[in-house]
Structures are given as C-alpha cells and as structure tokens.
Amino acid sequence: MLFFSYFKDLVGREVTVELKNDLAIRGTLHSVDQYLNIKLENTRVVDQENYPHMLSVRNCFIRGSVVRYVQLPPEGVDVELLHDATRREARGG
C-alpha cells in the first residue's frame, strides 16, 4: 500500500504514464485506486507523430496492469517520506 498512498498525495499534479506498449500519456492525475488504476484528465500523447489517433483523447482511464512507469514531477517527490515509509513497511509496521 506504500505506492497507493503516495500516489493519492499526487492527485491534481501533472504526471506522465508510460504503458507497456510504449505509449506515453501526460496529464493531470485525477484519481488512483488500490490496484494503481489511474484516471488522467487534460491528457496529451508525448509522441504525437506515432500516435495521431490519440490526439482527440482528453480524459482516460488506465488499468494498472498495463503501466510500465509513472514519471512524477520533481517537486512532487519527498525522498525522506519515501525512505521512512519504506523502512516502516520493511519492519512490518
């Protein structure tokens, strides 16, 4: 549950989600659930030349199982918080 709670804190921020089929979508994180399914708003495709059919998509739901990476904004990463949470989870508490 470490990543779920972390992503919930990023709601409203812009993220880039790279899918397993190499499609990368940038948008505002609207919601995320415990399965790391992601809903993005105001989306745009990073590589528009290779995916012209995606230009009209403005909002999308991404199933967590197809996500390869989520790129976070640098100011959205609290390294100390992640270190503390990782240590707590490793201890089982």
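The basis for the numbers below is simple: all heavy atoms, side chains too, and nothing from hydrogens, waters or symmetry mates.
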field: Those residues that, when tested against Glu18, pass salt bridge (Lys or Arg N to Asp or Glu O under 4.0 Å) (two or more places apart)
entry: Arg68
message: Under the rule for side-chain contact (heavy atoms from CB on, under 4.5 Å), what residues qualify as partners of Thr28, not counting sequence neighbours?
response: Asn42
message: Does anything in residues 49-58 form a side-chain hydrogen bond (donor to acceptor under 3.5 Å, both in side chains)? List the pairs, not counting sequence neighbours.
response: Asp47-Asn50
message: Do Val45 and Leu19 sit in one hydrophobic cluster, given that two such residues count as connected whenever their side-chain heavy atoms are within less than 4.5 Å of each other, even indirectly?
response: yes
- prompt: For Asp33, which residues count as a side-chain contact (heavy atoms from CB on, under 4.5 Å) partner, sequence neighbours excluded?
  reply: Tyr35, Asn37
field: Reported CG-to-CZ distance for the pair Leu29 and Phe7, which is rounded to 0.5 angstrom
entry: 8.0 Å
- request: Apply side chain to side chain contact (heavy atoms under 4.5 Å, CB included) to the pair Val70 and Ile38, showing each step before the final yes or no.
  value: CA-CA 10 Å; Val70 178; Ile38 297 171; 4.0 Å; yes
- prompt: Quick one: does Met54's side chain get under 4.5 Å of Ile25's, heavy atoms only?
  reply: yes
Partner residues of Arg44 under the side chain to side chain donor-acceptor pair (under 3.5 Å) criterion, sequence neighbours left out: Glu14
- prompt: If only atom types and distance count, is the side chain of Lys20 paired as donor or acceptor with the main-chain N or O of Ser65 below 3.5 Å?
  reply: yes
task: Decide yes or no for Val67 and Ile62: does some side-chain heavy atom of the first lie under 4.5 Å from some side-chain heavy atom of the second?
output: yes
- request: Measure across Val15 and Pro73 and return the closest heavy-atom pair with its distance rounded to 0.1 Å.
  value: CG1-CD, 4.2 Å
statement: Residue set satisfying side-chain contact (heavy atoms from CB on, under 4.5 Å) with Thr16, at least two apart, ordered chain then number -> Ala24, Arg26, Val46, Gln71
